[in-house]
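All remarks here apply to the structure that follows.
Just so it is clear, the values below take in all heavy atoms, side chains as well, and ignore hydrogens, waters and symmetry mates. A, B, ... follow the sequence lines: proteins, then strands. Residue 1 opens every chain.
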Protein chains: 2
Amino acid sequence: MRYEKGHKDATRKHIVKVASERFRRDGVEAVGVAGLMADAGLTHGGFYSHFASKEELVRAATVDALEGGRAQLARAAIDGGLEGIVRAYLRPAHRDASARGCAFAALTPEIARHPRATRATFTGEFKAHVDLIASHLPEKDAGENQRAALAIFSLMMGALQLARAVVDKDLSDRILQSGTDAALALANAGAVARDGVSS
Amino acid sequence: MRYEKGHKDATRKHIVKVASERFRRDGVEAVGVAGLMADAGLTHGGFYSHFASKEELVRAATVDALEGGRAQLARAAIDGGLEGIVRAYLRPAHRDASARGCAFAALTPEIARHPRATRATFTGEFKAHVDLIASHLPEKDAGENQRAALAIFSLMMGALQLARAVVDKDLSDRILQSGTDAALALANAGAVARDGVSS
DNA sequence: CATATATTATGATGATCATCATGCAATAAT
DNA sequence: ATTATTGCATGATGATCATCATAATATATG
């Protein structure tokens, strides 16, 4: 064998790590295989001995990013509980470091247009995120906690995206602040009032 | 003159309309000028007599889409007030028709990576959206209403995106439902409790 | 009816896209 | 020390990218 045993695995992990940062910073579509491999210190030729397609790398990179992000949120919850999660997620430093931030906030609309296999992977990670949030809500019945967690995460992710997109710095800060307040209000309100109308 | 007076203006408007749909459906990066013009029934050559760059079209197309979306929301508010807005936005039909839906939900993370001029245009439209929502909240002081509107729209947009991305149809429906309930709870709670801690 | 001109079409630019076939070099196994 | 094999590099594929220069064409003006 030409390189030490385990070299290929290490290279693959390295490519995934570089990709997960570049995808979050520039978007999946804007990142080419050649440029990506150059960033990883390699040439483009070897790529397809690691991955069957760019799409397979997209799945690996988003899983890597999202598992890491979930670990960070779980750490924030050790001391701060749900409030720790919300504050860690909606802090200005997270807004300003999208390459190392939440992949949901960076990529959700783009992933929604990807093939089903990729969306399925995404869905699994999303459920894990929601479960993490639900596990830190005041104890109620599980269904209600999941419903609340879905709304809380939707709010967190939406606020982070909008805070990143606007040009007005004050407005951006207000988006983060109001998102934090509202997420905590939803958490403390316990069950969100269930709505009778079906539409 | 070769075509009737006003023909060029009509052509430009047609290109903008086609672009606003394709951008929302496929993302800005995934849409090429040549394919776009073909969709509009033209060839790619004339494009730069209408727009100085693709980026200029991006601005025109997002403004067109967002003004239209705001008009729809305003219409939903005539009968239903804020609840009408929330229900119109988070209804399954909106989730399933992204090409004609909210451009914020379709494009926010991508726009966050575009040049400042485009983000500035986006910011103006965003403020108008927030003002529309704030104007339908129970009367409090304006600052508090804007804060609530920021959170409500973040929640609406985030929920719509996530409902589009997941593969699990039941989960998708639950995201829309819990987003609706939570948005209405935030609106009815009046002012979200202000938070003393600065971080 | 003839001509000037506004609008779109044709075609080319060099760059980059995802993907793959082949070649090389270095180490592990002998 | 020699050989076999593995992991990456070189280079090519045809397609598409944004952008622009020039040509064709049809109508509005004279």
| What are the two closest heavy atoms between A:Pro109 and B:Ala105, and how far apart are they? | CG-O, 3.6 Å
| task | Could you pull out the closest heavy-atom pair between B:Ala106 and A:Arg113, with the gap in Å? | result | O-NH2, 2.8 Å
| request: Take the C1' atoms of the five end pairs on each side of the helix from C:dT19-D:dA12 to C:dT30-D:dA1, get both axes, and report the angle to 10 degrees. | output: 10°
Give a yes or no answer on whether the side chain of [X] reaches the backbone of [Y] with a donor-acceptor pair at less than 3.5 Å.
X: A:Arg164; Y: A:Arg95; result: yes
X: B:Gln146; Y: B:Val130; result: no
X: A:Lys54; Y: A:Val28; result: yes
X: A:Arg87; Y: A:Gly84; result: no

| query | Do A:Leu171 and B:Leu150 come close enough that some side-chain heavy atom pair is under 4.5 Å? | reply | yes
Which whole-number value in Å describes the distance from [X] [atom1] to [N] [atom2]?
X: B:His50; N: C:dT8; atom1: NE2; atom2: C1'; answer: 8 Å
X: B:Leu57; N: D:dC17; atom1: CG; atom2: P; answer: 14 Å
X: B:Leu42; N: C:dA6; atom1: CG; atom2: P; answer: 19 Å
X: A:Glu56; N: C:dC20; atom1: CD; atom2: C1'; answer: 16 Å
X: B:Ile15; N: C:dT8; atom1: CD1; atom2: C1'; answer: 10 Å

| query | Do any pairs count as a side chain to side chain donor-acceptor pair (under 3.5 Å) and have a residue in residues 42-53 of chain A, sequence neighbours left out, and if so which ones? | reply | none
Table of protein N/O atoms under 3.5 Å from nucleotides 10-14 of chain C N/O atoms:
from: C:dG11; atom 1: N7; to: B:His44; atom 2: NE2; distance (Å): 3.4
from: C:dG11; atom 1: O6; to: B:His44; atom 2: NE2; distance (Å): 2.7

| message | Nearest to the side chain of B:Ser53, heavy atoms from C-beta on, is which of D:dA9, D:dT19, C:dA9? | response | D:dT19
| message | Of the listed nucleotides (C:dA9, C:dT19, D:dA18), which one gets closest to any side-chain atom of A:Lys54? | response | C:dT19
| Which part of the nucleic acid, if any, lies within reach of A:Thr11 when heavy atoms closer than 4.0 Å are counted: base, sugar-phosphate only, or nothing? | sugar-phosphate
| said: Just checking B:Phe47 against B:Phe51, ring centres under 6.0 Å apart? | reply: yes
| field | Pair listing, salt bridge (charged side-chain N to carboxylate O under 4.0 Å, His left out) test, anchored in residues 148-162 of chain A, at least two apart | value | none
| task | Name every residue in residues 24-39 of chain B that has at least one heavy atom under 4.0 Å from any atom of DNA chain C, in order of residue number, or write none if there are no such residues. | result | none
| Residues two or more places apart in sequence or in another chain: which of them pass ring pair (Phe, Tyr, Trp, His ring centres under 6.0 Å) with A:Tyr89? | A:His94, A:Phe153
| message | Need to verify one output field. Residue with the more 5' nearest nucleotide on DNA chain C, B:Ser49 or A:Glu55? | response | B:Ser49
| OP1 or OP2 of C:dC20 under 4.0 Å from side-chain N/O of A:Tyr48 | no
